[in-house]
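Working notes, structure below.
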Amino acid sequence: MDRVIPDLLIWYRQNARDLPWRNTQDPYRIWVSEIILQQTRVEQGKSFYMNFINNFHDFCHIANSPEDSILRVWQGLGYYSRARNMIKTAEIICHDFGGKMPANHKQILSLPGIGAYTAAAIASFAFGLPHAALDGNVRRVGSRFLGLYEVLGSKQSDKIITEYLEQHIPINEAGEFNQALIEIGATVCKPQKPDCHSCPLSKQCVAYQKNTQNELPVVARKKAPVNSYLDYMWLEADGYTWLTKRDNHGIWKGLYEFPSKTRDAETRNFPFEDWIINPEYASILSVKEYKHQLTHRTIYARLWHLSTSLNNIVNKNEFTRIESVSIEAYPVHRLMLKFIEQKETTTHHD
DNA sequence: AACACGGGGGT
DNA sequence: ACCCCAGTGTT
């Protein structure tokens with residue numbers, strides 16, 4: 001690789017996208033950007049990054065803020081455990097490391113929410129430490145450049161790529177080298193139709209030499225999503241509505257939503273008799289069906305919009321009664337945003 | 001090694 | 001529909 005590294009670095013300096021987290025060496029900002037960009041496209045992450053650093057200025061600021069306020073900024077981005085792990089990491093850095101990210105790869109790697117990729121990215125981008133940062137881009141570039149048929153992301157594949165890169169990483173330009181490889185993967189060595197003719201690595205790329213760039217990398221087959229069926233209760237009474245905070249289950253942990261029950265695919269009965277004292281005194285404003293597609297799950301949700309009086313509602317500890325107008329202060333998932341947004345769009349219909 | 005974990009955009 | 005995204009933590 002030594003022969004193409006100068007070409008790679010020159011290419012990067014001429015072609016790097018101007019991204020908001022690239023104009024800083026601040027480990028805090030680099031950390032924020034790297035967490036946001038986990039399994040998230042650059043274009044999707046930009047506005048969340050700007051919003052995040054405008055609301056939270058350093059590690060101790062996060063550590064001293066309520067969980068709901070961080071989740072509220074994260075709302076709609078997905079993989080919410082990232083935000084909760086950021087709080088844990090911010091607390092550790094604020095209390096044990098004097099409020100500053102340690103300039104040490106092993107200590108960075110030990111922090112919650114920071115795995116092999118993110119630790120190497122922070123270590124190299126912020127501190128110039130020579131660790132290979134293998135994300136999806138670099139794995140693909142490495143697989144093609146070295147002509148690997150090991151399954152992408154497998155132990156063997158990662159080991160080969162990591163050892164190769166750390167053997168060749170320029171000791172004084174580790175950060176730029178890693179960013180350049182990521183940039184090549186994102187903009188040139190794309191999953192489909194790579195632009196090999198404009199790639200600074202092509203003259204040493206095994207796949208390009210053998211014309212196998214379209215059959216590499218070898219990717220494991222994905223699992224089909226499973227279906228789940230839910231009834232949600234959007235209950236309004238005298239200007240109040242009810243939410244619950246998800247905690248013990250897997251999905252959307254820490255976010256708020258309307259009270260819900262799981263159901264069978266074909267069930268259509270009114271499911272909330274035990275939450276309302278006299279169902280006949282509650283009016284059904286609407287019943288709407290929603291299909292919400294996640295990566296690993298398809299949710300068929302039915303939203304029951306109900307209206308009744310306060311004294312007709314069973315008091316349950318797990319339900320939080322809030323003023324209807326204050327709902328936007330609570331962090332909610334995307335499906336909840338779909339539920340709520342219909343309110344503003346149905347201000348008038350015959 | 002396999003799985004759970006969101007949401008969005010490209011083809 | 002299916003793929004993939006500046007992946008991590010748990011089982």
Side-chain angles (χ1 to χ4, degrees), chain A residues 12 16-17 19-22 29-49 71 74-86 88-89 108-126 131-143 150-158 175 177-187 189-194 217-226 228 246 249-255 257 291-299 331-338:
Chain A
Y12 177 68
R17 292 167 293 179
L19 304 176
W21 45 85
R22 282 211 167 131
R29 293 190 171 211
I30 290 170
W31 168 70
V32 171
S33 73
E34 290 305 331
I35 304 298
I36 286 177
L37 291 171
Q38 287 169 2
Q39 290 295 283
T40 303
R41 290 177 183 279
V42 163
E43 288 308 316
Q44 188 189 3
K46 277 182 183 171
S47 63
F48 284 89
Y49 170 81
L71 283 172
W74 210 266
Q75 172 174 291
L77 188 58
Y79 284 157
Y80 299 93
S81 66
R82 291 182 290 177
R84 294 196 312 281
N85 280 332
M86 283 181 90
K88 293 180 192 167
T89 282
I108 295 170
L109 182 57
S110 75
L111 295 166
I114 298 181
Y117 163 75
T118 304
I122 294 172
S124 64
F125 300 170
H131 297 270
L134 268 62
D135 72 333
N137 295 305
V138 176
R139 288 192 172 99
R140 181 172 56 254
V141 173
S143 164
E150 286 81 0
V151 172
L152 195 74
S154 66
K155 205 117 183 175
Q156 309 94 297
S157 172
D158 279 4
F177 177 75
N178 282 338
Q179 295 210 52
L181 288 173
I182 292 169
E183 193 79 355
I184 285 284
T187 65
C189 194
K190 299 170 293 183
Q192 286 90 24
K193 301 204 304 179
V218 177
V219 181
R221 196 175 65 80
K222 308 285 193 268
K223 236 187 67 176
V226 298
S228 58
R246 294 185 69 102
H249 323 75
I251 200 175
W252 293 326
K253 190 155 56 173
L255 300 188
E257 63 178 9
K291 180 181 177 181
H292 191 63
Q293 188 63 60
L294 304 179
T295 298
H296 55 287
R297 182 185 301 267
T298 305
I299 298 173
V332 299
H333 48 75
R334 187 69 183 80
L335 178 57
M336 276 292 288
L337 292 177
K338 287 190 197 171

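In the text below, chain A, chain B and the rest are named by the order of the sequence lines, each starting its count at 1. Just so it is clear, the values below take in all heavy atoms, side chains as well, and ignore hydrogens, waters and symmetry mates. If you're wondering where the values come from, they're calculated on a predicted model, not measured in any experiment.
When the nearest nucleotides of DNA chain B are assigned to Ile251(A) and Gln192(A) by heavy-atom distance, the more 5′-ward of the two goes with Ile251(A). Taking for each of Ser154(A) and His333(A) the nucleotide of DNA chain B with the nearest heavy atom, the 5'-most of the two is the partner of Ser154(A). Between Gly115(A) and Ala220(A), the residue anchored closer to the 5' end of DNA chain C is Ala220(A), taking for each the nucleotide with the nearest heavy atom.
Among the atoms of the strands shown, only primed sugar atoms or phosphate atoms (P, OP1, OP2) are found under 4.0 Å from some heavy atom of Leu294(A). When heavy atoms are screened at a 4.0 angstrom cut-off, Trp21(A) is found touching base atoms of the nucleic acid. Using a 4.0 Å heavy-atom criterion, one finds that Gly45(A) contacts no nucleic acid atom at all. Looking at heavy-atom distances under 4.0 Å, Ala133(A) makes no contact with the nucleic acid at all. Residue contacts shown for Leu19(A) include a base, since a base heavy atom lies under 4.0 Å away. Nucleic acid contact class of Ile36(A) (heavy atoms, under 4.0 Å, all strands): none. Using a 4.0 Å heavy-atom distance criterion, Val42(A) is classed as a sugar-phosphate-only contact.
The local environment of NZ in Lys291(A) is sparse, with at most 12 non-hydrogen atoms from other residues, nucleotides or ligands closer than 6.0 Å.
OP1 or OP2 of dC5(B) sits under 4.0 Å from a side-chain N or O of Arg297(A). Contact annotation: Lys223(A) side-chain N/O to dA4(B) OP1/OP2 distance is under 4.0 Å. At dC4(C), none of the side-chain N or O atoms of Arg140(A) fall inside 4.0 Å of OP1 or OP2 (strictly under the cut-off). Taking 4.0 angstrom as the limit, His296(A) places none of its side-chain polar atoms (N or O) nearer than this to OP1 or OP2 of dA4(B). OP1 or OP2 of dT8(C) lies within a sub-4.0 Å distance of a side-chain N or O belonging to Thr118(A). One finds no side-chain N or O of Tyr79(A) lying less than 4.0 angstrom from the OP1 or OP2 phosphate oxygen of dG9(C). Taking only side-chain nitrogens and oxygens, Lys222(A) never comes nearer than 4.0 Å to OP1 or OP2 of dC2(C). Contact check, Gln39(A) against dC5(C): no side-chain N or O comes under 4.0 Å of OP1 or OP2. Contact check, His292(A) against dG6(B): no side-chain N or O comes under 4.0 Å of OP1 or OP2. In this structure, Trp252(A) reaches the dG7(B) phosphate: one of its side-chain N or O atoms is under 4.0 Å from OP1 or OP2.
Residues Trp31(A) and Leu111(A) are not in side-chain contact: their nearest non-hydrogen atoms beyond the backbone lie 4.5 Å or more apart. Inter-residue side-chain proximity for Val32(A) and Met86(A) is flagged as met; some heavy-atom pair is nearer than 4.5 Å. Side-chain atoms of Leu181(A) and Asn137(A), non-hydrogen and from C-beta on, never get closer than 4.5 Å to each other. Between Gln39(A) and Thr295(A) there is no side-chain heavy-atom pair separated by less than 4.5 Å. Within the 4.5 Å cutoff, no side-chain heavy atoms of Asn178(A) are placed close to those of His131(A).
Here the separation of dG9(C) from dG8(B), taken at their C1' atoms, is 23 Å to the nearest Å. Only the P atoms considered, dC3(B) is 15 Å distant from dC3(C), to the nearest whole Å. Spacing between dG6(B) and dT11(C) at atom P, rounded to whole Å, works out to 16 Å. For dA4(B) and dA6(C), the P atoms lie 24 Å apart once the distance is rounded to whole Å.
Distances were taken from every side-chain heavy atom of Lys155(A) (C-beta onward) to each of dC5(C), dA1(B), dC3(C); the shortest belongs to dA1(B). Of the candidate nucleotides dG6(B), dA6(C), dC3(C), dG6(B) has the atom lying nearest to any side-chain atom of Tyr80(A). Residue Gln38(A) places its side chain closer to dT8(C) than to any other of dT8(C), dG6(B), dA6(C). Considering only side-chain atoms of Asn85(A), the nucleotide from dG9(C), dG6(B), dC4(C) that sits closest is dG9(C).
One atom, CZ of Arg246(A), and another, C1' of dG6(B), lie 12 Å apart when rounded to the nearest Å. Rounded to a whole Å, the CG atom of Asp158(A) is 14 Å from the P atom of dA2(B). Taking atom CZ of residue Arg334(A) and atom P of nucleotide dG7(B), one finds them 8 Å apart after rounding to whole Å. The CE atom of Met86(A) sits 17 Å away from the C1' atom of dG9(C) (whole-angstrom rounding). For the pair Arg17(A) CZ and dC5(C) P, the computed distance is 12 Å after rounding to whole Å. Rounded to a whole Å, the OH atom of Tyr117(A) is 12 Å from the P atom of dC5(C). Here the P atom of nucleotide dA6(C) and the OH atom of Tyr49(A) are 17 Å apart, to the nearest Å. Taking atom NZ on Lys190(A) and atom P on dA6(C), their separation rounds to 13 Å, with Å as the unit.
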Completion exercise
Per-residue pairing states of DNA chain B in dot-bracket (Watson-Crick or G-U under 3.5 Å; . unpaired, | other strand) read |||||.|||||

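In this structure, Trp74(A) CH2 and Ile35(A) CD1 are separated by 7.0 Å, a value rounded to the nearest 0.5 Å.
Here the closest non-hydrogen pair linking Val141(A) and Gly185(A) is CG2-CA, 3.6 Å. Counting all heavy atoms, side chain and backbone alike, Arg140(A) lies closest to Ala186(A) at NH2-N, 4.4 Å.
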Problem - Steps toward side chain to side chain contact (heavy atoms under 4.5 Å, CB included) verdict (Phe48(A), Thr40(A)) - result: CA-CA 11 Å; Phe48(A) 284 89; Thr40(A) 303; over 6 Å; no

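At a cut-off of 3.5 angstrom, counting only N and O atoms as typed in the model, there is a donor on one side and an acceptor on the other between the side-chain of Arg22(A) and the base of dA6(C). Within 3.5 Å, a donor on the side chain of Thr40(A) pairs with an acceptor on the base of dG6(B), or the reverse.
Neither side chain, Tyr117(A) nor Gln38(A), offers a donor N or O lying under 3.5 Å from an acceptor on the other.
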